Q: 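Sharing a structure, written as C-alpha cells. Questions coming.
All ligand and atom numbering here is 1-based and tracks the order in the structure. If you're wondering where the values come from, they're calculated on a predicted model, not measured in any experiment.
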Amino acid sequence: MSTTQTSKIEIRKATSSKISGVDFQNLSFGAVFTDHLFECDFKNGEWQTPVIKPYAPILMDPSSKVFHYGQAIFEGMKAYKDDNNDVWLFRPDENFKRFNNSATRMAMPEVPEAIFMDGLNELLKIDQEWIQKGNGSSMYIRPFMIATGAGVVANPSDEYKFMILLSPAQSYYAGEVKVIIAEHYSRAANGGIGAAKAAGNYAAQFYPTNLANKDGFQQVIWTDDATHTKLEEAGTMNVFFRINDTLLTAPVSERILDGITRKSLIAMAEKEGLNVDVRPVIVSELVEAAKNGSLKEIFGAGTAAVISVIKGFSYQDVYYEMAPAEDSYAALLKEKLTSLQNKLSEDTFGWTVKVQ
Ligand SMILES: *Cc1c(COP(=O)(O)O)cnc(C)c1O
C-alpha cells in the first residue's frame with residue numbers, strides 16, 4: 001500500500017485491483033464494489049482529514065448510535081463515461097443539497113461541499129477503469145453517513161462517518177412489475193422523515209413490501225397516510241401516470257422524496273411538448289381511468305432503474321392491467337434521459353458535470 005497526499009485527501013492505494021475478476025456483462029445491481037472507498041470522520045465538532053483507501057470492512061463500537069437509533073442517511077447517484085473516456089456526473093449539486101437536507105432532518109452535521117465533491121471526484125478518478133461506456137452503463141455512487149458515537153443514551157451522536165462507495169451498474173430491466181396500492185401501511189407521514197433519504201424509511205417499507213410480494217406484486221404504491229386516497233410513490237421511486245395523453249405526477253411534499261429523476265423527466269417531457277400535470281393524483285381517478293381505458297401507462301422514476309414500467313395495479317382486491325402502451329412515454333423519456341446522461345446526445349439542459 002502506497003501512501004500519498006494530494007490536496008487535502010490522504011490517498012492509500014490498493015496494492016492490487018479486483019477488476020479482472022468482475023464480469024461486467026452480468027452485474028447484479030449494487031453487489032460489486034470498486035477497489036477504493038472515500039471516508040471522512042466527524043469528531044470534536046469538525047470534519048477530519050478525508051481518506052481514500054482500499055475497500056474493506058469497518059470496525060465499530062457495538063453501542064454506536066446508528067445501530068440503536070438509526071441516524072443514517074444516503075444518496076444514490078451515477079457517473080457515466082463518454083467515447084473520449086471522460087467521466088460525467090448527472091446533476092451532482094442536487095444530490096449534495098439533498099444529502100445535507102437529509103442530514104439536518106436527522107440531526108446530523110452537514111458535509112462541506114469540498115469534502116463531498118472533491119472526495120467524489122478523486123474517488124471516481126482513481127477507480128475510473130471500472131466505469132463502462134455505452135447507453136445504460138454507469139457507475140452507481142453511494143454516499144452515506146452514519147452515527148458512530150458510542151453509548152446507548154438516546155440522543156444525537158457527536159461522531160459521524162461519511163463514506164462514498166462505487167458500484168458498477170448496467171442498465172436494468174426490472175421485469176413486468178405489478179403493484180398493489182397501499183390501503184393501510186404508509187411510507188411517510190406529514191411531519192415525518194419521508195422527504196429525507198433516511199435509511200429507516202427503507203426499513204419501514206420492507207415488511208409491507210414483503211406482504212405484497214407474497215400476493216404476487218413486486219411493489220407497493222404508497223398513498224398519503226391520512227386518507228390513503230392520494231398516489232404518492234412507487235416503492236422507492238417517484239411515480240408517474242399517463243391518462244390519455246397527459247403525464248401526471250404528485251407535487252413533492254413532506255411525504256414525497258424530491259427525486260432528481262422525477263424533476264428531470266418533468267423538464268424533459270415538457271421540452272418534448274408532452275402535456276405534464278403536477279398535481280395530486282387520486283386513487284379513484286386511477287381506477288376510473290383503468291376501467292374506461294384512458295389509463296395508458298404507470299411508471300416509477302429513480303436513479304437506479306431510471307424508469308421502471310408498471311403493467312398493472314391492485315386496489316381493494318381487484319387487479320387492473322393496462323395494454324402495452326403504443327408510443328410509450330416511458331420508453332421515450334428513458335431513451336432521452338439515458339442518452340443525455342451517457343453523453344450520446346447533446347445536454348441542452350446543462351445537467352452533466354465533468355469529473356476533473
Ligand atoms: C431516492 C428516492 C427516489 C428517487 O430519487 P432520485 O433522485 O431520482 O434517485 C424516489 N423516492 C424515494 C423514496 C427515494 O428514496
Q: Based purely on interatomic distance, does Asp258 place a nitrogen or oxygen under 3.5 Å from a nitrogen or oxygen of ligand 1?
A: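 No: no nitrogen or oxygen of Asp258 is under 3.5 Å from one in ligand 1.
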Q: Between ligand 1 and Met77, can you find any atom pair, the residue atom being a heavy atom, that is separated by under 4.0 Å?
A: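 In this structure, Met77 fails to qualify as a contact of ligand 1 - no heavy atom is under 4.0 Å.
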Q: Not counting sequence neighbours, list each pair that qualifies as a side chain to side chain donor-acceptor pair (under 3.5 Å) and has a residue in residues 280-291.
A: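 Pairs touching residues 280-291 that pass the test: Arg279-Glu285.
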Q: Lys78 side chain to Ala304 main-chain N or O, any donor-acceptor pair under 3.5 Å?
A: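 Yes; at least one donor-acceptor contact below 3.5 Å.
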Q: Of all the atoms in ligand 1, which lie at a distance below 4.0 Å from a heavy atom belonging to Met237?
A: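 What qualifies from ligand 1 is 10 (C), 11 (N).
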Q: For the pair Phe162 and Phe116, name the ring-plane relationship: parallel under 30°, tilted 30 to 60°, perpendicular over 60°.
A: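 The arrangement is parallel - the two ring planes meet at less than 30°.
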Q: Relative to the heavy atoms of Thr303, which atoms of ligand 1 are at a distance of less than 4.0 Å?
A: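 Those atoms are 6 (P), 7 (O), 8 (O), 9 (O).
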Q: Can you find an N/O atom of Lys197 closer than 3.5 Å to an N/O atom of ligand 1?
A: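 Checking ligand 1 against Lys197, an N or O pair does fall under 3.5 Å apart.
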Q: Purely on distance, is any nitrogen or oxygen of Arg187 under 3.5 Å from one on ligand 1?
A: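 No, Arg187 has no N/O under 3.5 Å of an N/O on ligand 1.
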Q: How many angstroms lie between NZ in Lys343 and NZ in Lys81, if you round to the nearest 0.5 Å?
A: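 Answer for the NZ-NZ pair, Lys343 versus Lys81, is 15.5 Å.
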Q: Do any nitrogen or oxygen atoms of Gln205 come within less than 3.5 Å of a nitrogen or oxygen of ligand 1?
A: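 N/O-N/O distance below 3.5 Å does not exist for this pair.
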Q: Using a strict 4.0 Å cut-off to heavy atoms of Thr236, name the atoms of ligand 1 that fall inside it.
A: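 So the atoms of ligand 1 that pass are 2 (C), 3 (C), 10 (C), 11 (N), 12 (C), 14 (C).
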Q: Taking only residues two or more places apart in sequence or in another chain, which ones pass salt bridge (charged side-chain N to carboxylate O under 4.0 Å, His left out) with Glu129?
A: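 Salt bridge (charged side-chain N to carboxylate O under 4.0 Å, His left out) check on Glu129 returns nothing, list empty.
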Q: Can a salt bridge be assigned to the pair Lys296 and Glu326 using a cut-off of 4.0 Å between side-chain N and carboxylate O?
A: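 No, this pair does not count.
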Q: Which of the listed options, Ala304, Gly235, Gly259, Ala195, holds the heavy atom that is closest to atom 5 (O) of ligand 1?
A: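 Nearest heavy atom to atom 5 (O) of ligand 1 lies in Gly259.
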